[in-house]
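Labels below follow one simple rule: chain letters A, B, ... track the order of the sequence lines, proteins then strands, and each chain is numbered from 1.
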2 protein chains.
Amino acid sequence: MGVVETTKTRALRRAKPVAAPRELAPALPLGEILDGDCVEAMRRLPDASIDLVFADPPYNLQLGGDLNRPDGSHVDAVTDDWDRFDSFKAYDDFTRAWLTEAKRVLKPDGALWVIGSYHNIFRVGAILQDLGFWILNDVVWRKANPMPNFRGTRFTNAHETLIWASQGEKAKYHFNYRAMKTLNDELQMRSDWVLPICGGQERLKEGGHKVHPTQKPEALLYRVLLATTERGDVVLDPFFGTGTTGAVARRLGREWIGCEREGGYRQAALKRIAKELPLDESALTTMQSRKTAPKVAFGALVENGYIAPGTQVFDKKRRWTATVRADGSLAYEKQVGSIHGLGKDLQGAPSCNGWTFWHYEVDGEVKPIDAARQLYLLATED
Amino acid sequence: MGVVETTKTRALRRAKPVAAPRELAPALPLGEILDGDCVEAMRRLPDASIDLVFADPPYNLQLGGDLNRPDGSHVDAVTDDWDRFDSFKAYDDFTRAWLTEAKRVLKPDGALWVIGSYHNIFRVGAILQDLGFWILNDVVWRKANPMPNFRGTRFTNAHETLIWASQGEKAKYHFNYRAMKTLNDELQMRSDWVLPICGGQERLKEGGHKVHPTQKPEALLYRVLLATTERGDVVLDPFFGTGTTGAVARRLGREWIGCEREGGYRQAALKRIAKELPLDESALTTMQSRKTAPKVAFGALVENGYIAPGTQVFDKKRRWTATVRADGSLAYEKQVGSIHGLGKDLQGAPSCNGWTFWHYEVDGEVKPIDAARQLYLLATED
DNA sequence: GTTGTCCCTGAATCTCCAA
DNA sequence: GTTGGAGATTCAGGGACAA
């Protein structure tokens, strides 16, 4: 077992040139959504060709009748055929089949993420252990705004579980420890992540109705991909849906491949991903060493979309204009640092409050980045 | 399936008199720690005799010392050269054995809690589903102060997972919804609980060393028992350790039975529990949900003068104003019905809680008619 | 522009009891 | 076993619209 830390050597070896990624992997259908059953689709991929599998399989919810809110309104539940299985046995067979293919296509140092709820995650976890995957962490997505339990019969089901696993006990894997620590205010990133559910502008809708019943928030994929892939890595999502994985992969400069049976989802995903703009190089370079680490949770603003990676920030007199990078660090020419550290260095000052020093434009207005922090604090207040 | 709420009837039926609990359940070794292997020990208990099982099973898959096969034979020490199949197989057999006994001794409306980490919880969860247990919630214990990941190779493992399950899909179970809501500042209790790990005064030590490596915090058991048992219920802990379950059960006026092989743990547990003082009756009275309060017919309020016949009642927006009739029915134009039925019909809703839907004026103030019921309940208590 | 209110919605295994 | 009536039950965020 062992972590392959992000090193320049490794980045050079693994990262595919942005200009011509296909030259190094001619057989891979990068940026394509494979039609049909995911097991069959994965069979078309070569062995040991994928860096990361992210899977959001059907949960097998086994819902009973209708459910109404106390105000009488009806809850729009997941009733799709793709979530129905005849028995645990049928679900287990299905799970074993797709996990087996996932294991085959993954590189020896590749990794797997699966997300699920208590309906399915225990079965998935046990089966992936049986297949030889080695669990590295289980991660809890604590929903900031879950649906309540309307009848007062149980605890509010306020979280979902992700499993992160390597190819085996002795297998290598990739973990961007520094980037995670930077993102988490210089504290180690924990196994519980508080993130809002997918709604608002981010939620894909057509004719006023949600396109997909279980669209995942981009912030979740953002953290997964930033934590466990490098630029140019190939990410496979066997249950692509409306393409959250593809959209975030493209934004972060990762290659992606999807599998999806439903034509409607495929169309929506392609349209969505086409609109996504890859971040530029300097925004994507994440922290490599302790020395350059920012000391604040500026990264959380970036992760949650309050400040986009690539945003230009500048001091009030516009003497310096720096670029926001994906992990919340800033880059100015060849200098890199936290919002505080870089501001201090550029001014040659003994210290600097980056929150008030750096500004950005929002809706044509210049504001200190502290304004974004205030918005974030308001939104995440307990 | 269904929640059996705390009713006076049920409390009377279930609760054993504090003075002489054994008279009603002479065969149960209440307040005792059974020696030996937990499966064998549980075999000594009668069918359908236990209200709640709380289990904190061993999960070190590399230690065979805790493993016995279902036939009673001992599993040899697990060493590195064991292949993973044998290791998982042995753990699964062990898990199936104790869960099978747990299911047998539980009453039809009893429930099971298990706590574990990613090493074992997926196997335990899948097996208990296979045995017919019905998962009600998975609950995340989010540790306020987890041990950091010293080597920076993974996410800080900052949580453990609990599974709460009933005897089956259609089985009844007990959930003190109102008590949980009260405990959580009048918001529904969620499936993620933030609690500190066990340390300080609470942590049992002997000669400066902790007595048990995985002693659970009492706050965790407190919440579990308060949420899913009543006073006088019998709680069984098959992996008793140093007796956190017994200590909290005693404090909360629940009966307990433990199983523990290690004499040292048994001694420490008995000593600890003896020091525990049961809370007095008034401290143990928890918030009752409306469901569990004695039922009051709206007609009784009219009959007793809390609402006069002829009173005008209306919804919050005053879309409809109805008249209270002498028998407790409501009349709106040509429609007549109960407080619930008429509210439902007028709104065209699938259902309606008339107590909160209808309002009336009292002393110039608009109040829901539920206010009158509260007054009535106060006046007729005991 | 700002504040307040109303309305809608989200992977949900969501009632009990008598007849 | 089923059926029907009585009765109990919700949190946070976003968008639209009014004041």
Side-chain angles (χ1 to χ4, degrees), chain A residues 56-80 82-84 115-121 141 143-161 196-203 205 208-210 212-217 241 378-382, chain B residues 1-5 7 9-10 129 134-138 165-166 168-170 172-173 175 177-178 181 184 186-191 289-293 295-299 316-317 337-341 343-344 350-357 370 373:
Chain A
D56 181 12
Y59 287 7
N60 190 24
L61 286 184
Q62 309 171 69
L63 298 178
D66 281 1
L67 179 64
N68 294 307
R69 298 186 178 82
D71 65 6
S73 63
H74 184 254
V75 175
D76 184 16
V78 178
T79 52
D80 307 68
W82 51 251
D83 195 49
R84 270 203 276 275
I115 182 168
S117 67
Y118 67 82
H119 309 83
N120 71 324
I121 198 66
W141 167 28
K143 299 181 186 184
N145 48 349
M147 196 191 307
N149 179 294
F150 298 116
R151 308 310 280 272
T153 55
R154 304 179 179 189
F155 299 100
T156 307
N157 194 2
H159 73 276
E160 295 189 21
T161 302
I197 61 177
C198 180
Q201 295 295 330
E202 188 184 323
R203 188 88 193 202
K205 299 211 173 163
H209 292 84
K210 50 190 177 189
H212 195 285
T214 69
Q215 188 181 337
K216 294 290 175 291
L378 277 175
T380 57
E381 200 160 62
D382 279 3
Chain B
M1 122 185 66
V3 181
V4 179
E5 278 280 358
T7 63
T9 319
R10 180 183 162 245
Q129 285 181 313
W134 189 251
I135 299 180
L136 297 165
N137 276 115
D138 59 335
S166 69
E169 180 176 359
K170 310 286 184 189
K172 295 186 190 306
Y173 60 93
F175 181 51
Y177 175 75
R178 204 66 198 79
K181 191 168 175 176
N184 195 39
E186 286 307 304
L187 288 177
Q188 285 190 342
M189 186 69 79
R190 299 167 40 118
S191 58
S289 81
R290 228 181 244 125
K291 265 186 218 164
T292 70
K295 287 195 181 167
V296 177
F298 183 66
K316 213 169 181 181
K317 294 186 189 161
S338 71
I339 54 172
H340 310 294
K344 175 178 113 147
S351 66
C352 169
N353 180 351
W355 293 111
T356 53
F357 178 73
D370 194 44
R373 178 167 60 160

Between [X] and [N], is there a contact of a side-chain N or O with OP1 or OP2 at under 4.0 Å?
X	N	result
B:Y173	C:dT15	no
B:R373	D:dA8	yes
A:Q62	C:dA11	no
B:K317	C:dC7	yes
B:H340	D:dG7	yes
A:K210	C:dT9	no
A:N149	C:dA12	no
A:R151	D:dA8	no

Between atom [atom1] of [X] and atom [atom2] of [Y], what is the distance when rounded to the nearest 0.5 Å?
X	Y	atom1	atom2	value
B:R178	B:Q188	CZ	CD	10.5 Å
A:H212	A:R203	NE2	CZ	9.0 Å
A:D66	A:D76	CG	CG	10.5 Å
A:W82	A:D80	CH2	CG	5.0 Å

At 4.0 Å (heavy atoms only), tell me whether [X] reaches a base, stays on the sugar-phosphate, or touches nothing.
X	answer
B:I135	base
A:P196	nothing
B:K181	sugar-phosphate
A:S117	nothing
A:P217	nothing
B:G354	nothing
A:D56	base
A:T156	nothing

Syn or anti for D:dT10 (syn when the glycosidic angle lies within 90° of 0) = anti
Is any side-chain N or O of [X] under 3.5 Å from a base N or O of [N], one able to act as donor and the other as acceptor?
X	N	answer
B:K344	D:dA6	no
A:R203	D:dG13	no
A:R154	C:dT13	yes

Look at the side chain of [X] and decide which nucleotide, out of [options], has an atom nearest to it.
X	options	result
B:W134	C:dT15, C:dT9, C:dT13	C:dT13
B:L187	C:dC14, C:dA11, D:dC11	D:dC11
A:T153	C:dC14, C:dA12, D:dT10	C:dC14
A:S73	C:dG10, C:dA12, C:dT9	C:dT9
A:K216	C:dA12, C:dA11, D:dT9	C:dA11
A:Q201	C:dT13, D:dC11, D:dG15	D:dG15
B:Q188	C:dA12, C:dG10, D:dC11	D:dC11
A:Y59	C:dT13, C:dC17, C:dA11	C:dA11
B:N353	C:dT9, D:dT10, D:dA8	D:dA8
B:Y177	C:dA12, D:dT10, C:dG10	D:dT10

Is the number of heavy atoms from other residues, nucleotides or ligands under 6.0 Å of A:H74 NE2 greater than 12?
-> yes
Within a radius of less than 6.0 Å around NZ of A:K143, do more than 12 heavy atoms belonging to other residues, nucleotides or ligands occur?
-> yes
Atom-to-atom span, [atom1] of [X] to [atom2] of [N] - whole angstrom:
X	N	atom1	atom2	value
A:D71	C:dC7	CG	P	10 Å
A:N145	D:dG15	CG	P	13 Å
A:L67	C:dT13	CG	C1'	11 Å
B:N137	C:dC14	CG	C1'	11 Å
A:D83	C:dA12	CG	C1'	11 Å
A:Y118	C:dC14	OH	C1'	9 Å
A:R69	D:dT10	CZ	P	14 Å
B:F357	D:dA6	CZ	P	17 Å

Measure from the side-chain N and O atoms of A:N145 to the backbone N and O of A:I197, and report whether any donor-acceptor pair falls under 3.5 Å.
->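 Flag set: sc A:N145 to bb A:I197 pair under 3.5 Å.
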Test item: B:S191 side-chain N/O and A:A158 main-chain N/O as donor-acceptor pair under 3.5 Å = yes
Earlier contact from the 5' end, DNA chain C, for A:W141 and A:N68 = A:W141
Between A:G200 and A:P70, which is nearer to the 5' end of DNA chain D once each is assigned its nearest nucleotide?
-> A:P70
A:F150 on top of C:dC14's base, within under 5.5 Å and under 30°?
-> no
Whom does [N] pair with, Watson-Crick or G-U wobble, provided both distances fall under 3.5 Å?
N	answer
D:dG7	none
D:dG15	C:dC6
C:dC14	none

Is there a side-chain contact (heavy atoms from CB on, under 4.5 Å) between A:N68 and A:F150 once you walk through the steps?
-> CA-CA 8 Å; A:N68 294 307; A:F150 298 116; over 6 Å; no
Verdict with reasoning, B:H340 to B:S338, per side-chain hydrogen bond (donor to acceptor under 3.5 Å, both in side chains) | CA-CA 5 Å; B:H340 310 294; B:S338 71; 5.8 Å; no
Between [N] and [M], how far apart are the two [atom1] atoms, rounded to whole Å?
N	M	atom1	result
C:dG10	D:dA8	C1'	22 Å
C:dA11	D:dG15	P	16 Å
C:dT13	D:dA12	C1'	23 Å
C:dC8	D:dT9	P	24 Å

